[in-house]
Amino acid sequence: MIDIKLIRKDPQRFIKGAADKNFNVDIQRLLAIDGELRTHKNQLQKIATQKNKIGKSIPNLADDKKKAALARLGELKSEEGGLNDAIGALEPEFDSIMGQVPQPAADEVPLGQDDTENVELSKWGEIRQFDFEPKDHIQLGVDLGIIDVERGVKLAGTRNYFLKGDGALLHWAVLRFAMDHMLGKGYVPMSVPLLMRDEAMRGTGYFPGAEEQTYQMERDGLNLVGTAEVPLTAYHSGEMIAKERLPFKCVSLSTCFRREAGAAGKDTYGLYRIHQFDKVEQVIIAENDEQASKEFHKEILGNSESVMQAMGLPYRLVNVCTGDLGRGQVQKYDIEAWMPSRDSYGETHSASRFYEFQARRMNLRYKDGNQNRFCHTLNNTVIASPRVLIPLLELNQNADGTINIPQVLQPYIGGRDRIVKSS
RNA sequence: GGAGAGGUGACCGAGUGGCUUAAGGUAACGGUUUGCUAAACCGUCGUAUGGGUAAUGCCCGUACCGGGGGUUCGAAUCCCCCCCUCUCCGCCA
């Protein structure tokens, strides 16, 4: 949510901001309604002033004067009714448009239409050249007996899968390593509810917009979250946090659910785009300070980079362009890991900062002196699996079809250093 | 699922029609004093919004006691609907 006062002051900034992000929002209409509403509310206020004045004098009035006063009150009331009707007719549209105004991107965000125009900032690691014909992760997984997509589809439909034996162990190894990595940095571990009210979905900015991407439990009015960002960020929603408790840094391991509606035919092969996966997610709730937010943004990005580096996975860092940003994001960095079977980098992490966009929607505040201020929020993936298993399996395969396990993961998989076919 | 009790400011908590610009307390902030891992006393202290003004300050308004509607000249207080929380019972990993 954007402060309407900022929109009034500089509408051009928000018109351009929305256009850059490819959001279709009628700011002019918003301001027209805002103007009308303000005029009406102003009149309403004047009427209320008169009503209050007359109302207070009534007990001390003589009968004839009282009668006149009551008559006057009647007139004022009907005037008030007309104004209230006008306001009632305008407000829903106002609220609807307000909820859609995007947060303008930061100046350092490149202009662009979609992810093809994201700008590469840096690369880490050597891309492995194979001296044999490498298999993709599904071939490897099926041959080793650790990935079973067929039965996943049989039981749960397309984009579902089983991980089995060392496949399941490797999946959990990656998650546990990532979690331990974050605990060393002082993030508070959280186990969170995954069914969220609409309120939390709106507060984080997923609604309106992502309803189609969300499994909705209509009978209970709850939504399966697509990321632990929702419960973590909304944890203190509606509260006044003590300033000393900021920044609040937390991390959660959770399952994530995504309908992937509208992605029909896209990335259908393998474990890249699936309905259910597990993710370690980091969230920071901070004071309202843009410079500090940028610092925290670097911090959460660094946390994830060091996880990738520890596992030896080559990746590149991308500055996401305006057209590929979500409604609330000020700026977003993606980490994309090299995936041999795709012959390209594929997104594995997404680090966003929002300034007060989310906090304003969920009324998440702290006291700064005698002023109440909205917090700043940020989040980033620490690791998401099984997507990260794609590079992990493919890049560490041997000619005989076995997989080398990176050293940092070995403690989580029985101290073994490779995955071999089990009988 | 059944029954009951509740939702008041950062927090606790009083308040059944005008004296509520919400008592009292806690926390916070400023000060005085005594002295020392602090206490006592005094003072300040809700939010949002409109107008005025050079002003995030000050002045004048308006709204806000879970949300929405109603009764009334006047509602935290009475009525209706909804949401949420808690307790007990039932069921249950």
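In the text below, chain A, chain B and the rest are named by the order of the sequence lines, each starting its count at 1.
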> Answer yes or no: does a side-chain N or O of A/Arg38 lie under 4.0 Å from OP1 or OP2 of B/U62?
no
> By the 4.0 Å heavy-atom rule, please label A/Lys5 as base, sugar-phosphate, or nothing.
sugar-phosphate
> Both distances under 3.5 Å, Watson-Crick or G-U wobble: report the partner of B/U71, or none.
none
> Check this for me, if you would: do A/Lys77 and A/Glu80 make a salt bridge, where the nitrogen-to-carboxylate-oxygen distance has to be below 4.0 angstrom?
no
> A/Asp3 or A/Gln50: which one's nearest nucleotide on RNA chain B is closer to the 5' end?
A/Asp3
> Give the rounded distance in Å between these two atoms: CD of A/Glu80 and C1' of B/G70.
14 Å
> So which one's nearest nucleotide on RNA chain B is more toward 5', A/Met240 or A/Leu44?
A/Met240
> Out of B/C73, B/G51, B/U62, which nucleotide sits closest to the side chain of A/Asn42?
B/G51
> Can you tell me, in whole Å, how much space there is between the C1' of B/U44 and that of B/G57?
16 Å
> B/G1 pairs with which nucleotide, Watson-Crick or G-U wobble, both distances below 3.5 Å?
B/C89
> When the P atoms of B/C60 and B/U71 are considered, how many whole Å apart are they?
34 Å
> Starting at CZ of A/Arg197 and ending at C1' of B/C82, how long is that distance when rounded to a whole Å?
14 Å
> For atom C1', what is the distance between B/A23 and B/G9, given to the nearest Å?
13 Å
> Send over the distance from A/Glu244 CD to B/A27 C1', rounded to a whole Å.
10 Å
> Considering only atom P, compute the distance from B/G1 to B/G69 and round it to an integer number of Å.
28 Å
> Starting from C1' on B/U56, measure out to CZ on A/Phe374 and report it in whole angstrom.
15 Å
> Could you tell me whether A/Glu93 and A/Arg29 make a salt bridge, using a distance below 4.0 angstrom between a side-chain N and a carboxylate O?
yes
> What is the base-pairing partner of B/U37, counting Watson-Crick and G-U wobble geometry with both distances under 3.5 Å?
none
> Please determine whether a side-chain nitrogen of the Lys or Arg among A/Asp166 and A/Arg416 lies less than 4.0 Å from a carboxylate oxygen of the Asp or Glu.
yes
> Return the pairing partner of B/U44 with a 3.5 Å limit on both distances, Watson-Crick or G-U wobble; otherwise return none.
B/A28
> Taking B/C36 as the reference, what is the distance to B/U47 when you measure between their C1' atoms (whole Å, please)?
39 Å
> A quick test of your reading: do over 12 heavy atoms of other residues, nucleotides or ligands sit less than 6.0 Å from CG of A/Asn24?
no
> Using both distances under 3.5 Å as the test, list the Watson-Crick or G-U wobble partner of B/G6, or none.
B/C84
> Would A/His297 and A/Tyr333 count as a close aromatic pair, with their ring centres under 6.0 Å?
yes
> In whole Å, I'd like the distance from the CG atom of A/Asp198 to the C1' atom of B/G67.
16 Å
> In whole Å, what is the span from the CG atom of A/Asn372 to the C1' atom of B/G9?
11 Å
> If we ignore angles and hydrogens, is there a donor and acceptor under 3.5 Å between the side chains of A/Gln331 and A/Arg353?
yes
> What is the distance, to the nearest angstrom, from the CG atom on A/Asp220 to the C1' atom on B/C83?
15 Å
> Does B/G51 have OP1 or OP2 sitting under 4.0 Å from an N or O in the side chain of A/Lys46?
no
> How is A/Arg360 classified with respect to the nucleic acid when contacts are heavy atoms under 4.0 Å: base, sugar-phosphate, or nothing?
nothing
> Is B/C58 paired to anything, Watson-Crick or G-U wobble with both distances less than 3.5 Å, and if yes, which nucleotide?
B/G52
> Find the partner of B/U77: check Watson-Crick (N1-N3 plus N6-O4 or O6-N4) and G-U wobble (N1-O2, O6-N3) distances, both under 3.5 Å, and reply none if neither fits.
none
> Is the terminal nitrogen or CZ of A/Arg387 (NZ for Lys, CZ for Arg) located under 6.0 angstrom from the six-membered ring centre of A/Phe277 and within 45° of that ring's axis?
no
> For A/Asn363 and B/G9, what is the distance between atoms CG and C1' respectively, to the nearest whole Å?
14 Å
> B/U21 pairs with which nucleotide, Watson-Crick or G-U wobble, both distances below 3.5 Å?
none
> Can you check the distance between B/G7 and B/C82, where both ends of the measurement are the C1' atom (answer in whole Å)?
14 Å
> Which nucleotide in the set B/U72, B/G50, B/U85 lies at the smallest distance from any side-chain heavy atom of A/Lys77?
B/U72
> Can you check the distance between B/A22 and B/A3, where both ends of the measurement are the C1' atom (answer in whole Å)?
33 Å
> Using the P atom as the point on both nucleotides, what is the distance between B/G13 and B/G66, in whole Å?
14 Å
